[in-house]
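Please read these numbers as outputs of a predicted model, since none were measured by experiment. Both ligands and their constituent atoms are indexed starting at 1 by order of listing.
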Amino acid sequence: MVISLAKRATQAQEYYFSVKLAEVRKLLAAGHDVINMGIGNPDQAPSEATIEALKNTASLTDTHGYQSYKGIPALRQGISKWYERVYGVQLDPEHEILPLIGSKEGITHISLTFLDEGDEVLVPELGYPAYRAVSEMVGATVIEYPLQENNQWQPDWEAMKGIVSAKTKILWLNYPHMPTGAPATRELFENAVRFAKEHGILLCHDNPYSLILNQKPPISLLSIEGAKEVAIELNSMSKSHNMAGWRIGWLSGAKEYVDAVLTIKSNVDSGMFLGIQQAAVAALQNSEEWHAAQNAVYHSRLDAAKTFLTTLNCTFDLAQEGMFLWAKLPDEVASAEQLVDDLLYQKHIFIAPGFIFGPKGQRYIRVSLCMPAERIWQAIERLKS
Ligand SMILES: Cc1ncc(COP(=O)(O)O)c(C=O)c1O
């Protein structure tokens with residue numbers, strides 16, 4: 001006997017990476033040295049103070065119990081001070097911040113909190129796959145909005161007027177943008193807030209990349225005047241603080257929105273281990289020099305990644321931010337899927353095909369900067385051999 005699945009489980013697709021990484025593991029098990037340039041998994045360590053805080057908390061006897069659903073006060077205060085220092089945004093630590101087990105978790109909580117069946121959600125035609133997947137899981141209708149390649153992959157606000165409807169509830173936004181690396185600009189955020197107000201929709205901004213290879217000071221959507229009325233922002237320590245496996249991020253926004261998400265969240269999961277929260281408090285105090293040192297490492301990798309892409313005859317924009325390079329395939333390459341498989345099986349190099357972020361990505365690839373520069377140079381040698 002086989003018990004039938006819920007409709008959402010039959011409709012949801014297995015994450016592309018989980019399928020492809022199984023193939024990578026098979027090659028590794030067969031003794032091949034695969035250079036994995038596919039996934040955005042920071043390979044550098046968190047700061048020493050971060051690790052010390054975790055160790056110290058873990059070594060005490062009374063620190064292992066359940067934690068509050070809304071995180072320890074010290075963490076919310078730390079996040080509030082960090083928002084002020086990094087973005088010049090003031091957040092009330094008591095009411096406007098909700099610590100989360102990463103921003104991916106936040107996408108689900110937000111969707112459960114704001115979406116009813118039949119509501120429409122605007123997602124970028126190229127973007128993090130979870131916005132679409134979770135919207136569909138909760139029974140909402142996904143409407144893709146176009147991104148203008150010739151305008152740094154920003155939405156066309158005129159065209160957006162033709163897409164928005166009375167049923168539209170959420171607009172997902174993510175700048176610096178993954179996968180294209182398009183930077184955030186104040187003008188973009190001002191337009192987004194104006195649009196959300198005009199149409200009475202919630203703007204959900206996902207902001208995990210603002211400190212990685214940023215070419216200008218980082219921006220929060222919440223720094224735009226009046227944004228808190230219609231916008232909430234996810235942030236994460238996964239990339240900016242090299243803590244992807246620790247699972248910690250947060251949501252910021254007006255009290256009414258944060259409280260509503262907390263009600264859902266408290267029915268789904270529990271507070272993070274105290275050691276992780278204390279470690280995050282320490283990490284949020286990392287110096288500017290610490291962040292600059294991480295970016296110096298990414299810069300050295302960027303040079304190698306550019307050579308890798310030019311060796312493949314790909315073209316790319318130099319204004320990209322974040323921990324990837326997004327590149328267009330040359331005409332002679334039949335398809336991204338073919339190239340990814342050829343590289344994987346003939347050269348033992350894994351890269352991400354652009355279509356996993358949306359159909360618009362058919363003729364693109366994304367390479368990650370999350371490995372030592374020497375590995376990227378090794379990949380270049382393999383391409384040439
Ligand atoms: C755009 C974007 N949002 C969210 C996430 C999830 O991050 P977290 O580790 O905070 O769950 C990722 C991770 O790759 C991402 O690229």
Under 3.5 Å, which donor-acceptor pairs do the side chains of residues 37-45 form with other protein atoms, sequence neighbours left out?
from: Asp43; atom 1: OD1; to: Arg301; atom 2: NH1; distance (Å): 2.9
from: Asp43; atom 1: OD1; to: Arg301; atom 2: NH2; distance (Å): 3.4
from: Asp43; atom 1: OD2; to: Arg301; atom 2: NH2; distance (Å): 2.9

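Aromatic ring pairs are classed by plane angle as parallel below 30°, tilted from 30° to 60° and perpendicular above 60°; the pair Tyr364 and Trp326 is parallel.
Although no hydrogens or angles enter the test, the distance criterion places a donor-acceptor pair under 3.5 Å between the side chain of Gln277 and the main chain of Met272.
Asn174 approaches Pro208 most closely through the heavy-atom pair ND2-CD, 4.0 Å.
Aromatic ring centres of Tyr175 and Trp153 lie farther apart than the 6.0 Å criterion allows.
Annotation: ligand 1 has protein neighbours Gly102, Ser103, Lys104, Tyr128, Tyr131, Asn174, Met178, Asp206, Pro208, Tyr209, Ser236, Ser238, Lys239, Arg247, each with a heavy atom less than 4.0 angstrom from the ligand.
Atoms CD1 and OH, on Ile97 and Tyr83 in that order, are 8.5 Å from each other to the nearest 0.5 Å.
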